[in-house]
Amino acid sequence: MSAEKLRLVLPDGREVEVEPGISARDLATKHDGGLAENAIAAKLDEEIIDLGRPIVRSGRFRYLGEDDSDVDALYVLRHSTAHVLATAVRMIWPNAGIGFGPPIAEGFYYDFDVEQPFTPEDLARIEEVMAEVVAAGEVFERREVDRAEARDLFADDPYKLERLGEIPEGDTISVYRDGKFLDLCRGPHLPSTALVKNFKLLHAAGAYWRGDERRPMLQRIYGTSFFEKKHLEEHLQRLEEARRRDHRMLGKELDLFSIQDDVGPGLIHWHPKGAMIQFLLRRFLEDELLRRGYDFVYTPHISRETLFRRSGHLQAYAEVMFPSMEMEGEKENYRVKPMNCPSHMEIYASRQRSYRDLPIRYAEIASDYRNEKSGTLHGMLRVRGLTMDDAHIFCRPDQVEDEIYGMLDLVDYVYSTFGLQYRLDFATRPPKRIGADEVWDEAEAALRSAIERRKLTYAVDPGGGAFYGPKIDVKFLDAIGREWQGSTIQLDFVLPERFDLSYVGADNQRHRPVMIHRAIYGTLERFVGGLIEHFAGTFPTWLAPVQVRLLPISDELTATARELRDRLRAAGLRAEVDERAETLSYRIRDGELQKIPYLAVIGQREAEAGTVAVRKRGAEKKQVVMPVPEFVEQVAEEDRTRALN
RNA sequence: GCUGACGUAGCUCAAUUGGCAGAGCGGCUGAUUUGUAAUCAGCAGGUUGCGGGUUCGACUCCCGCCGUCAGCUCCA
């Protein structure tokens with residue numbers, strides 16, 4: 001069979017004709033030395049291939065180099081590093097069972113079935129052996145085998161056999177070997193372990209085989225690797241930076257919140273300074289909601305189960321709800337609410353509604369309680385008692401798009417005030433759903449159109465919507481690039497049905513309103529936790545629990561300092577006097593560590609001149625002496641404009 | 001919920017093979033009255049998470065509970 005030449009389109013646009021079956025490596029030496037210099041793999045269209053693999057079709061072609069900015073190259077590197085890890089583990093524990101070992105977003109992991117969980121000392125030991133494997137420069141050797149041989153090769157590896165059984169008939173089964181380690185693996189890999197230069201094992205923890213808690217627990221080792229040492233170090237520094245910003249640590253240091261053992265896990269105590277932040281967030285949002293035509297409502301924290309039976313929560317959400325409370329002399333038990341929607345439905349349903357009343361927007365910042373699994377609790381980010389900035393909008397179908405548009409506008413207004421970038425996930429109809437297709441068509445079109453009108457970029461999550469309606473999730477990015485779940489906007493076709501909501505239209509007929517759930521912050525707990533980490537505790541002046549701390553140099557100046565404090569308070573600002581009998585240096589240091597935006601020193605000179613010596617957090621000029629009125633105005637201005645400094 | 005590690009003063013952490021529970025910071029008191037990131041001294045502060053057990057003796061070893069932390073598919 002005289003093979004036709006293949007045509008490969010190179011990144012620079014050139015086309016080359018090659019013999020079918022030529023490997024990327026041979027292609028490099030024959031055709032273009034420069035292009036393939038330091039290549040570790042190649043990419044043909046969307047498929048990454050080993051350098052040694054034969055090229056059997058035409059397409060766009062490029063080499064992957066030792067380039068940490070190339071996600072494809074990193075993918076190969078980390079996959080190979082995972083194999084080096086497994087190689088080392090098998091050298092130390094020859095009987096270790098092996099699970100999966102994929103590259104992941106920031107590194108890789110590998111799951112092992114071992115008698116004893118790995119200790120930190122084990123990880124250090126494994127790293128040493130990995131270094132030996134790297135030094136040995138073992139070649140990654142790919143081989144394609146038939147099913148029978150594969151079964152034979154992995155006869156002692158039950159997890160690999162299980163995976164093998166899932167590979168469809170007719171698919172190629174490949175195995176990779178480096179040194180003594182053989183793995184069922186689709187590849188691709190580096191040419192040699194010698195290219196694994198900068199890696200680090202980060203931690204070990206249990207992980208269920210296939211994430212299924214009914215199946216055996218394996219021991220997972222996480223790690224990461226880079227081509228360049230500099231990038232590994234930067235990555236480790238980022239991890240360190242994230243630890244430095246941990247809201248649980250900062251919450252303690254800055255006295256923002258606590259969780260008390262004898263109150264219960266996942267239940268937040270907002271201390272005065274944390275509570276101040278929550279208060280400021282509420283005030284900011286509520287003022288804005290008034291401008292945007294919302295009505296405030298307040299609803300009970302507990303209710304008869306009748307309510308949640310009607311809403312469907314008892315059927316669909318019971319495992320997250322706290323258990324029933326029996327009430328003496330009453331047939332019905334009570335429940336603490338996990339959400340606010342049912343009560344808002346009741347308010348809507350409490351009287352007749354006209355099409356002229358719509359849209360109706362009920363907002364409530366409310367405490368809800370959810371019995372989250374103990375292992376998922378995490379500081380303020382995953383709690384059992386949560387404060388939702390909730391709202392439910394009831395509108396006519398023709399109003400949905402404008403309402404969504406308005407919410408996106410509000411999201412943008414709020415997030416940009418905090419200097420947060422964000423992105424949208426648009427989740428569409430899942431396979432299992434209620435509601436007619438026409439209703440979904442209309443709803444999804446309205447959401448999409450609102451997003452596009454707002455000129456926002458978004459990712460579609462097909463089938464990711466709830467069974468009762470499509471939704472938009474807003475993810476915001478913090479200062480070190482991590483993503484947080486923030487706002488959510490969710491259409492609901494179910495609740496209006498269950499509560500038999502209606503309005504009387506212009507045609508004098510009863511119609512079903514559309515209902516939209518929405519939260520801007522999400523929960524105050526998570527949002528504040530996110531802000532703590534985003535700002536690393538250094539809140540902008542308008543959010544700082546204490547904006548100004550006054551430092552009188554000696555006792556004689558305390559009265560002057562108190563006067564200024566009262567003047568600042570009268571201007572709506574938050575100020576306090578540090579009257580402790582400590583040196584100025586001591587009190588300045590303390591104020592800096594407490595991340596207070598303004599430290600204002602008052603000495604004899606200032607008292608006589610009517611000035612303050614202002615030391616602004618993070619400012620280039622260490623201190624500026626200014627007249628008191630000017631200082632008050634400067635802080636007030638920053639507060640008023642919500643400056644991000 | 002499950003697996004593992006951990007839990008000592010308000011905070012951060014010590015305490016040898018099972019042998020008198022300590023330090024720094026913080027707090028209080030006194031002295032100092034301070035000019036830009038820690039003044040000095042003294043004092044108080046503990047049922048070593050809770051409950052059992054082993055032992056002459058338990059922070060230490062064993063069991064149970066509570067809590068914290070990491071993780072629990074980003075599919076060979």
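Chain letters run A, B, ... following the sequence lines, proteins first and then strands; every chain starts at 1. The figures that follow rest on heavy atoms only: side chains count, while hydrogens, waters and symmetry mates do not.
- A donor and an acceptor atom sit less than 3.5 Å apart, one in the side chain of Glu606(A) and one in the base of G35(B).
- Scanning for salt bridge (charged side-chain N to carboxylate O under 4.0 Å, His left out) contacts around Glu525(A) gives an empty result, with sequence neighbours left out.
- Taking the C1' atoms as reference points, A58(B) lies 14 Å from U47(B), given to the whole Å.
- Tyr422(A) meets the side-chain hydrogen bond (donor to acceptor under 3.5 Å, both in side chains) test with Asp412(A); sequence neighbours excluded.
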Show which side-chain atoms of residues 219-227 of chain A pair as donor or acceptor with protein atoms under 3.5 Å away, not counting sequence neighbours.
| unit_1 | atom_1 | unit_2 | atom_2 | d |
| --- | --- | --- | --- | --- |
| Arg220(A) | NE | Asp111(A) | OD1 | 2.6 |
| Arg220(A) | NH1 | Tyr222(A) | OH | 3.1 |
| Arg220(A) | NH2 | Asp111(A) | OD2 | 3.0 |
| Thr224(A) | OG1 | Glu106(A) | O | 2.6 |
| Ser225(A) | OG | Thr81(A) | OG1 | 2.8 |

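- Residue side chain Arg615(A) reaches the base of A37(B) through a donor-acceptor N/O pair under 3.5 Å, judged by distance alone.
- Residue contacts shown for Ile259(A) are absent, as no nucleic acid heavy atom lies under 4.0 Å away.
- Under 4.0 angstrom from either OP1 or OP2 of C74(B) there lies no side-chain N or O belonging to Arg210(A).
- Applying the salt bridge (charged side-chain N to carboxylate O under 4.0 Å, His left out) test to residues at least two apart or on different chains, the pairs with a partner in residues 167-182 of chain A are Arg147(A)-Glu169(A).
- In this structure Lys475(A) satisfies the side-chain hydrogen bond (donor to acceptor under 3.5 Å, both in side chains) test together with Asp425(A), sequence neighbours excluded.
- Between Glu592(A) atom CD and U36(B) atom P the separation is 14 Å, expressed in whole Å.
- Residue-to-nucleotide proximity on RNA chain B shows that, of Lys252(A) and Gly379(A), the 5′-proximal contact is made by Lys252(A).
- Using a 4.0 Å cut-off, some side-chain N or O of His378(A) falls inside it from OP1 or OP2 of A70(B).
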I'd like a table of atom pairs between the protein and nucleotides 24-27 of chain B - only N or O on both sides, under 3.5 Å - with the distance next to each one.
| unit_1 | atom_1 | unit_2 | atom_2 | d |
| --- | --- | --- | --- | --- |
| G26(B) | OP1 | Tyr586(A) | OH | 2.8 |

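- Taking a pair as Watson-Crick or G-U wobble with both distances under 3.5 Å, RNA chain B forms stems of 3 or more consecutive pairs at B:1-7 with B:66-72, B:10-13 with B:22-25, B:27-31 with B:39-43, B:49-53 with B:61-65.
- The same atom, C1', is picked in G49(B) and in U68(B); the two are 11 Å apart, to the nearest Å.
- Between Met380(A) atom CE and U68(B) atom C1' the separation is 17 Å, expressed in whole Å.
- The ring pair (Phe, Tyr, Trp, His ring centres under 6.0 Å) analysis of residues 160-184 of chain A, with sequence neighbours excluded, yields the pairs His83(A)-Phe181(A), Tyr176(A)-His189(A).
- Look at CG on Leu584(A): it is 15 Å from C1' on U32(B), rounded to the nearest Å.
- Among the nucleotides G71(B), U36(B), G1(B), the one closest to any side-chain atom of Met217(A) is G71(B).
- In this structure, the side-chain hydrogen bond (donor to acceptor under 3.5 Å, both in side chains) partners of Glu372(A), at least two apart in sequence or on a different chain, are Arg382(A).
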Might you list the N or O atoms of the protein lying below 3.5 Å from N or O atoms in nucleotides 45-50 of chain B, with each pair's distance?
none

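- A salt bridge does not link Glu241(A) to Arg238(A): none of the charged nitrogens lies less than 4.0 Å from a carboxylate oxygen.
- Scanning for side-chain hydrogen bond (donor to acceptor under 3.5 Å, both in side chains) contacts around Tyr110(A) gives Lys160(A), Asp183(A), with sequence neighbours left out.
- If you take CG of Asp590(A) and C1' of C11(B), they are 14 Å apart, rounded to a whole angstrom.
- The side-chain contact (heavy atoms from CB on, under 4.5 Å) test applied to Asn95(A) returns no partner, not counting sequence neighbours.
- Salt-bridge annotation for Asp212(A) and Arg210(A): absent, with no side-chain N of the basic residue lying under 4.0 Å from a carboxylate O of the acidic one.
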